[in-house]
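Reading through the structure tokens given below for one structure.
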Amino acid sequence: MMNEIISPVQIKVEPVESSRIHEVDFENLVFGEKFSDHMFVMEYEDGSWKEPVIKPYGQIQISPALNTLHYGQAIFEGMKAFYKDENTINIFRPDVHHERLNNTARRMIIPETDYDTFITALEELLKLDYKWVPKKPGTALYIRPLIFASADLLAARSSDKFSYYIITSPVGAYYAEGFNPVKLTTTHEYVRAVEGGTGEAKTAGNYAASFLPARKAAQEGYTQVLWLDAKEHKYVEEVGTMNIHFLIGNTLVTPGLFGSILPGVTRRSVITLAKEWGYNVEERRISIDEVFDAHEKGELKEVFGSGTAAVISPVGLIHHKGKTIHIGDDKIGPVAKKLFDSITDIQYGRKEDTYGWVHSVKV
Ligand code: COI
């Protein structure tokens, strides 16, 4: 018999006196607007992370001089937990998310965190708040770890104090379209990231900088911006809220990770599955002209995004420099559908997880 491994991490728990769960309409979940009863908190100062605690979710007190508010030294992750059965909640690929959190931390000179504390915190939060994990197909408990600079400091340099929180939120589909195709447009006016910048880090400023272009795109009727590279405005990068994939003939082309694209966890899962299913899989630069040419030749079979929040999101239309292409008659393509089904089957535990992607928590 294997010895049971007992985590060395002890997290003090201060449970809520009464739950707020009755405030949630689980039939009509909107992304990221309701927060579960408990949150994880750990503070960093004098060169080390202090005692972790799980306590009631609630307001935090900050000063107007908080370093993060001025300079944006803040990072986060986006993960999901899924209802399998009344005793089991599945977390999708927590190890890979934690690895990316630490990669982002290094880029933003935020102290790294250890995996034992992370996974113990998630397990404890799920044991306390398992009733907040929604059950309807297409829903999940979104997990948002975040770390921000917490010194009161107006000098433009790194903080020496940080706060680490994990909050959770029951969610439905990310886009208003649900699993229906979204509409994307490129922009010549703005760029998202450049190699050497912070595009591959999951840091707050990347998102703040994208809000104006996203709003302009929305005013023109597009769901999101399809970002092109910052130097030549030529190569497709990502969507900001998700990575992007193109099925050209029998080849799945995904923009390669050259420093300005977020290395998505769902992106990685898509590539693994597509390889296993026998597609040619290429991670490389792909120009927007190549996409439009492939469409012209009738070879662009499908375009879809991937992300934790977005899952697999079919793209029905791309607009670039006055031209618009429609992909797959604005319908969900078979490969996007198969990927969506396979990934969600693993996440909800409907199919065996032969990849070791799921971390099951007994609640
Ligand atoms: C996620 O997919 O989890 C993200 O963090 C993207 C964000 C726009 C919700």
Side-chain angles (χ1 to χ4, degrees), residues 29-36 72 74-82 90-105 107-108 118 122 125 133-134 138-148 165-179 182 184 192-193 198-215 217-218 222-227 237-245 254-255 257 260-271 304-315 336 339-340 343-344 347 357:
L29 289 170
V30 178
F31 190 91
E33 291 190 353
K34 294 285 177 196
F35 307 99
S36 318
I75 66 172
F76 68 97
E77 265 305 311
M79 317 167 47
K80 275 179 177 167
F82 300 85
N90 286 344
I91 314 175
F92 191 62
R93 309 196 76 174
D95 49 344
V96 183
H97 281 283
H98 183 261
E99 190 187 324
R100 189 172 66 180
L101 183 66
N102 273 344
N103 292 343
T104 301
R107 175 63 182 84
M108 302 304 292
F118 181 75
L122 295 179
L125 282 172
V133 185
T139 64
L141 189 74
Y142 188 75
I143 302 172
R144 175 53 66 90
L146 69 150
I147 308 177
F148 57 88
Y165 281 73
I166 304 177
I167 60 173
T168 67
S169 168
V171 296
Y174 185 71
Y175 298 119
E177 287 88 342
F179 186 50
V182 295
L184 304 180
R192 176 184 174 274
T198 58
E200 64 182 354
K202 209 159 172 59
T203 183
N206 289 345
Y207 294 81
S210 75
F211 293 161
L212 174 65
R215 176 171 293 178
Y222 302 104
T223 320
Q224 283 287 330
V225 173
L226 177 61
W227 293 105
E237 301 233 304
E238 61 156 282
V239 180
T241 48
M242 61 183 181
N243 294 110
I244 190 95
H245 310 265
T254 304
L257 303 175
S260 54
I261 296 176
L262 189 82
V265 176
T266 315
R267 174 189 180 280
R268 190 156 152 178
S269 312
V270 162
I271 289 172
F304 50 86
S306 64
T308 297
V311 195
I312 299 294
S313 178
V315 175
L339 282 163
F340 179 87
I343 290 172
T344 54
Q347 290 174 330
W357 286 347

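Counting starts at 1 for both ligands and their atoms, in listed order.
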_For Ala309, the ligand 1 atoms whose distance to one of its heavy atoms is below 4.0 Å_ = 1 (C), 2 (O), 3 (O), 9 (C)

_Distance-only N or O hit between ligand 1 and Lys202, under 3.5 Å_ = yes

_Plane angle bin for Phe118 and His98 - parallel if under 30°, tilted between 30 and 60°, otherwise perpendicular_ = tilted

*Where's the contact between Arg144 and ligand 1, heavy-atom distance under 4.0 Å: side chain, backbone, both or neither?*
side chain

*For the residue pair Tyr207 and Phe76, is the inter-centroid distance of their aromatic rings smaller than 6.0 Å?*
yes

_Pairing of Glu77 and Lys202 as salt bridge, 4.0 angstrom limit_ = no

_Using a 3.5 Å cut-off on N or O atoms only, is Tyr142 in polar contact with ligand 1?_
yes

*Can you tell me the protein heavy atom closest to atom 9 (C) of ligand 1 and the distance?*
Tyr174 CE1, 3.8 Å

*Examine the side chains of Thr266 and Ser306 and answer whether a donor and an acceptor come within less than 3.5 Å of each other.*
no

*Is there a nitrogen or oxygen of Phe31 sitting under 3.5 Å from a nitrogen or oxygen of ligand 1?*
no

_Please list, in number order, the atoms of ligand 1 under 4.0 Å from a heavy atom of Phe76._
5 (O)

*Is there a side-chain contact between Arg192 and Ser210 (heavy atoms, below 4.5 Å)?*
no

*If you measure only the distance, is there a donor-acceptor pair under 3.5 Å linking the side chains of Tyr175 and Thr241?*
yes

*In ligand 1, which numbered atoms sit nearer than 4.0 Å to a non-hydrogen atom of Gly78?*
3 (O)

